[in-house]
Number of protein chains: 2
Amino acid sequence: MRARLMDATIECLVEHGFGGTSTTLISERAGVSRGAQLHHFPTKNDLVVAAVAHLTEVRGAELAAAAAAVPPAHRTRDVLRMLGDHFASPVFIAALELWVGARTDPPLLAAVAPLERKVGRETHRMTVELLGADESKPGVRELVQATLDLVRGLGLAATISDDSRRRNRILDQWAHTLDEALEPTPRRSSPPLLRTSVEQPRRSPG
Amino acid sequence: MRARLMDATIECLVEHGFGGTSTTLISERAGVSRGAQLHHFPTKNDLVVAAVAHLTEVRGAELAAAAAAVPPAHRTRDVLRMLGDHFASPVFIAALELWVGARTDPPLLAAVAPLERKVGRETHRMTVELLGADESKPGVRELVQATLDLVRGLGLAATISDDSRRRNRILDQWAHTLDEALEPTPRRSSPPLLRTSVEQPRRSPG
DNA sequence: CCACAAACAGACAGGCTTGACTGTTTGTTT
DNA sequence: AAACAAACAGTCAAGCCTGTCTGTTTGTGG
């Protein structure tokens with residue numbers, strides 16, 4: 001029952017946005033009477049805050065699952081594809097609505113901010129691991145952060161004009177640039193831009 | 001009068017968010033009677049759409065002014081600083097509120113989407129020019145787009161937790177990486193990561 | 001001075017949202 | 001079985017938002 005209400009809240013956020021999400025709509029969507037809803041979540045804020053926490057867990061789980069689904073002998077591009085897909089998914093949209101809504105809603109912000117930081121840290125750690133990046137080298141940490149902020153920006157753009165071709169081209173080039181920058185031992189000297197053809201795999205499992 | 005109302009709309013978007021912006025609030029903020037407001041903008045949608053157009057012009061003007069203020073003998077970092085600042089400014093916040101609000105509001109989306117594309121194109125062109133990038137080379141265009149999506153992502157993050165140190169570190173590193181990637185003639189062979197010390201200027205005016 | 005239209009002012013009704021409130025069912029303990 | 005609490009159902013009042021409506025001022029052409 002609580003779970004149904006929180007799920008319905010997230011669905012309403014995706015479908016109607018933060019402003020268009022009313023408690024009545026949520027209870028209807030969840031198939032729960034208004035009385036029951038008010039019993040479990042006395043105020044709208046209680047419900048939304050609970051939904052934020054729930055969404056945080058869902059995002060963590062989806063990210064972990066997506067990470068596990070990345071091919072064992074993967075290239076940088078595979079990792080970026082996974083990240084790009086996550087940051088264009090409904091859970092990200094719901095998080096975005098909450099994020100933006102929380103900006104002008106102090107109690108909600110108090111709930112969203114720490115959880116968002118948590119997801120951010122987890123995502124960062126996961127990305128470092130998948131990329132096999134060495135954060136002890138100066139600049140590597142910042143490049144990983146830049147990568148995550150990039151996919152966040154791409155995800156934002158995707159919410160209103162989903163041009164996936166554009167996104168893929170950008171991520172293609174980013175993968176190449178990232179490879180060049182993260183390359184532990186620069187064996188080839190120069191070509192800083194995408195050679196339109198192949199990229200050789202860099203890593204094998206274990 | 002019309003201008004006062006549109007300005008007040010944008011201010012309300014920044015202060016109270018899209019959901020918290022009511023026509024009554026706008027008229028109060030503008031110091032305009034409700035009757036006058038309804039005379040100039042019969043519906044809320046009319047007002048918001050007009051504000052979107054107005055905001056587009058303001059953004060264009062602010063960007064142009066910021067671009068003009070970039071030092072004549074500038075480095076990549078200066079351009080990124082300018083972009084980073086713009087995408088953390090109130091006009092960007094207002095645009096973000098409209099952007100997210102428009103996602104679930106078809107008539108608003110119809111007004112926002114084309115204007116946003118216009119600003120995007122202008123910003124892209126301006127950035128290419130400031131960076132002196134050669135878009136005829138494959139991959140360059142995508143790197144510029146990635147840069148803009150990156151600052152958009154950074155701007156989004158800045159709305160709820162303004163960690164400017166983090167942002168500056170990321171942009172420092174990205175400036176360096178971008179320089180390496182865009183460098184027309186790779187004279188030095190390798191160092192792909194930030195040398196913590198100096199970066200030499202690359203361009204002089206004219 | 002008059003006629004007319006645009007600009008402005010404020011009251012009002014209809015609809016929606018939130019949370020309080022009363023009543024009913026279910027389950028558990030004694 | 002009785003007592004009690006938790007879960008559930010639905011109604012209601014207060015408040016806000018939007019857009020319509022009527023009335024007033026300002027400006028302009030004849």
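Naming convention: chains lettered A, B, ... in sequence-line order (proteins, then strands); numbering from 1 in each chain. None of the values given here were measured: they were computed from a predicted structure.
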Notebook entry, point to check: What residues, two or more places apart in sequence or in another chain, satisfy ring-ring contact (aromatic ring centres under 6.0 Å, His included) together with B:Phe92?
Noted result: B:Phe87
Next item on the list: Can you sort out the partners of A:Trp99 under ring-ring contact (aromatic ring centres under 6.0 Å, His included), two or more places apart, ordered by chain and number?
Entry: none
Please list, chain by chain and in numerical order, all residues satisfying side-chain hydrogen bond (donor to acceptor under 3.5 Å, both in side chains) with [X], sequence neighbours excluded.
X	result
A:Asp163	none
B:Gln37	B:Arg34
B:Asp46	B:Thr43

Next item on the list: Do nucleotides 3-10 of chain D as a string where each nucleotide becomes B, S or -: B if the base has a protein heavy atom under 4.0 Å, S if just the sugar-phosphate does, - if no protein is that close.
Entry: ----BSBB
Margin query: With a 3.5 Å distance limit and no angle check, can you tell me whether B:Glu97 reaches the backbone of B:Gly17 through a side-chain donor-acceptor pair?
Written below: no
Listing, residues 50-73 of chain B side-chain donor-acceptor contacts under 3.5 Å, not counting sequence neighbours, or none:
{"unit_1": "B:Thr56", "atom_1": "OG1", "unit_2": "B:Val52", "atom_2": "O", "d": "2.8"}
{"unit_1": "B:Arg59", "atom_1": "NH1", "unit_2": "B:Glu116", "atom_2": "OE1", "d": "3.1"}
{"unit_1": "B:Arg59", "atom_1": "NH1", "unit_2": "B:Glu116", "atom_2": "OE2", "d": "3.4"}

Check: Between the axis at one end of the helix from C:dC1-D:dG30 to C:dT30-D:dA1 and the axis at the other (five pairs apiece), what's the angle to 10 degrees?
Finding: 0°
Check: By side-chain contact (heavy atoms from CB on, under 4.5 Å), which residues pair with A:His40, not counting sequence neighbours?
Finding: A:Met1, A:Arg2
Send over the distance from [X] [atom1] to [N] [atom2], rounded to a whole Å.
X	N	atom1	atom2	answer
B:Lys44	D:dG19	NZ	C1'	12 Å
A:Leu47	C:dT18	CG	C1'	13 Å
B:Phe41	C:dC8	CZ	P	11 Å

Check: How would you list all residue pairs meeting ring pair (Phe, Tyr, Trp, His ring centres under 6.0 Å) that involve residues 144-175 of chain B, not counting sequence neighbours?
Finding: A:Trp174-B:Trp174
Notebook entry, point to check: Can you list, by residue number, the residues of residues 18-28 of chain A that have a non-hydrogen atom closer than 4.0 angstrom to DNA chain C?
Noted result: A:Ser22, A:Thr23, A:Thr24
Check: Which residues satisfy the salt bridge (Lys or Arg N to Asp or Glu O under 4.0 Å) test with B:Asp162, sequence neighbours excluded?
Finding: B:Arg167
